[in-house]
2 protein chains.
Amino acid sequence: MVRPGGRSARVQASVHSAVRELEAEVGRPALTVPLVAARAGVTPSTIYRRWGDLQELLSDVAVERLRPEAPPEDHGSLSADLRNWAEQFLDEMASPGGRAYIRDALLGDPDGDNAGRCSAYAAEQIGIILGRATERDEDTPDAETVIDRVVAPIMYRILFRPDGLAAAYAHRLVGEALERRGTAG
Amino acid sequence: MVRPGGRSARVQASVHSAVRELEAEVGRPALTVPLVAARAGVTPSTIYRRWGDLQELLSDVAVERLRPEAPPEDHGSLSADLRNWAEQFLDEMASPGGRAYIRDALLGDPDGDNAGRCSAYAAEQIGIILGRATERDEDTPDAETVIDRVVAPIMYRILFRPDGLAAAYAHRLVGEALERRGTAG
DNA sequence: ACCGTGAAGCAATATCTTTGCTTTAAGATA
DNA sequence: TATCTTAAAGCAAAGATATTGCTTCACGGT
């Protein structure tokens, strides 16, 4: 029987907060399970038993921070919506903090579950944008295409070649992904 | 002064071998620095001082294993070369072992150095393919385009959505990346 | 053949991880 | 509301890993 509320929930919240606070205060390299436990007012064995190790805990926290907080802004057209979303996505993900979260999320994730969740967040936001475009009767690519053409290149560069990423790159990708579509009806 | 040869080199080789052997024998989750050290005939402190921790050592080993061993096969045309290369790339990288290496390479890599190296390997292979195409007077995209259109989507899916990846996907990406190019001179 | 030096060995210490057992409190039942 | 059940947390001891000062070794230069 699952017990989503009560003590377990309090412990989880308190541990997550402790991670976020300590990440800011001492930096991630200095994070340890006992340190987090002390700040959270919990014994280390609680963390080991619930999360396994520090990496899985960090992965958990990272995924939470990567979850979008609001649907993408509506700028009145598919291309404006996508441009804006891609720019923000790149900004957030390419920042030092964003990169650390992505890595953490991928890292302590034996079954690929958390990584899948991150990808689903992006897919969801894109789905909203494309849904709006469809309602406006715009010619709309499918979400997979946008992921291949826009999200994947951004993530690849963030992970493998973190230098020289700027909004212009996101804009170019969006432009290319939408090429030869503006004229249909 | 750098000392590439001699004892240091022997230690490095022996430690790398130990990692590879033990990865196969006991599995990566059971790997520990003391275990590797014992197999390599080295004291643990040597490993800690040279590599910092297990993750960085694994990252090191992983990058070595991701280095291509030969230039891409020549099939007589850009599209055949790229199709073949992409298919092999996907096969190797999407296999359980390949995915583990990619993750390890990204993981113990504080400065993004090893990740950059992996990306450079792919870029180099692609450069060879495109160079051949240019010599044949084919209309040739630049390497960045191939990375954005072919490599990035493959890597994104391997890392974030490991299900349902097959050669057909790689072929489709190559086809789309080369679209509207075959007819030029 | 002999230094100088960077890297490896050794060993003591500090820290983290694991685990068996006990205690707590959430949620169900009456 | 009192009681019961049980998943999860606490505690503490044992085990393993990580760190570090000092010593020893051997490569590369003179």
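All values below come from the heavy atoms of this structure, side chains included, with hydrogens, waters and symmetry mates left out. Lettering follows sequence order; numbering is per chain, from 1.
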A.B. asks: With a 4.0 Å cutoff (strictly under), does any side-chain N or O of B/R10 reach OP1 or OP2 of D/dC27?
C.D. replies: yes
A.B. asks: What pair of heavy atoms forms the shortest contact from A/V146 to A/P141, and how long is it?
C.D. replies: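 Reported closest heavy-atom pair: CG2-CG, 4.0 Å.
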A.B. asks: Shortest non-hydrogen contact from B/D60 to B/N114?
C.D. replies: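 The pair with the smallest heavy-atom distance is N-ND2, 4.0 Å.
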A.B. asks: Does B/S14 use its side chain to pair, donor to acceptor, with the backbone of B/A40 at less than 3.5 Å?
C.D. replies: yes
A.B. asks: Between A/V61 and A/R20, is a side chain to side chain contact (heavy atoms under 4.5 Å, CB included) present by the stated rule, with each step listed?
C.D. replies: CA-CA 8 Å; A/V61 174; A/R20 284 192 291 270; 4.0 Å; yes
A.B. asks: With side chains defined as the heavy atoms from C-beta onward, is the minimum distance between B/M93 and B/R99 less than 4.5 Å?
C.D. replies: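 The answer is no; the side chains never approach within 4.5 Å.
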A.B. asks: Round to the nearest Å and state the distance from B/L57 atom CG to D/dT17 atom C1'.
C.D. replies: 15 Å
A.B. asks: Pairing donors with acceptors under 3.5 angstrom, does anything connect the side chains of B/T145 and B/D148?
C.D. replies: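 No - no donor-acceptor pair under 3.5 Å links their side chains.
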A.B. asks: Near DNA chain D, counting only heavy atoms under 4.0 Å, which residues of residues 15-22 of chain A show up?
C.D. replies: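 Listed by number, there are none.
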A.B. asks: In the structure I gave you, are the side-chain heavy atoms of A/E21 and A/H16 within less than 4.5 Å of one another anywhere?
C.D. replies: no
A.B. asks: Any side-chain N or O of A/T43 less than 4.0 Å from the OP1 or OP2 oxygen of D/dG10?
C.D. replies: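 Checking A/T43 against D/dG10: at least one side-chain N or O falls below 4.0 Å of OP1 or OP2.
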A.B. asks: Within a strict 4.5 Å, meaning less than it, do heavy atoms of the A/D104 and A/R28 side chains meet?
C.D. replies: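 With C-beta onward as the side chain, the pair touches.
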A.B. asks: Return no unless some side-chain N or O of B/R50 is found under 4.0 Å from OP1 or OP2 of C/dA8.
C.D. replies: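 Yes, because at least one side-chain N or O of B/R50 sits under 4.0 Å from OP1 or OP2 of C/dA8.
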A.B. asks: Taking only residues two or more places apart in sequence, or in another chain, which ones meet B/R65 in a side chain to side chain donor-acceptor pair (under 3.5 Å)?
C.D. replies: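 In terms of side chain to side chain donor-acceptor pair (under 3.5 Å), with neighbours along the sequence ignored, B/R65 is linked to B/Y101.
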A.B. asks: Short question: side chain of B/T134, backbone of B/R132 - any donor-acceptor pair under 3.5 Å?
C.D. replies: no
A.B. asks: What string of B, S and - do you get for nucleotides 19-24 of chain D, 5' to 3', when a contact is any protein heavy atom under 4.0 Å?
C.D. replies: BBBB--
A.B. asks: Would you kindly give the CG-to-P distance between A/L54 and C/dT18, to the nearest whole Å?
C.D. replies: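 Computing the A/L54:CG to C/dT18:P distance gives 12 Å.
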A.B. asks: Report yes if the side chains of A/L159 and A/L106 come closer than 4.5 Å at any heavy-atom pair, otherwise no.
C.D. replies: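 Sidechains of A/L106 and A/L159: in contact.
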A.B. asks: Check DNA chain C against residues 25-38 of chain A and give the residues with a non-hydrogen atom under 4.0 Å, in numerical order.
C.D. replies: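 Contacts with DNA chain C under 4.0 Å: A/T32, A/V33, A/P34.
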A.B. asks: Could you write out each protein N or O paired with an N or O of nucleotides 12-14 of chain C at a distance under 3.5 Å?
C.D. replies:
none

A.B. asks: Should A/S8 be listed as having a side-chain N or O under 4.0 Å from OP1 or OP2 of D/dA8?
C.D. replies: no
A.B. asks: For A/P68, give me all partners under side-chain contact (heavy atoms from CB on, under 4.5 Å), at least two apart in sequence or on another chain.
C.D. replies: A/Y121, A/Q125
A.B. asks: When you look at A/L90 and A/R157, which way does the side chain to side chain contact (heavy atoms under 4.5 Å, CB included) test go after all the steps?
C.D. replies: CA-CA 10 Å; A/L90 187 146; A/R157 287 179 135 81; over 6 Å; no
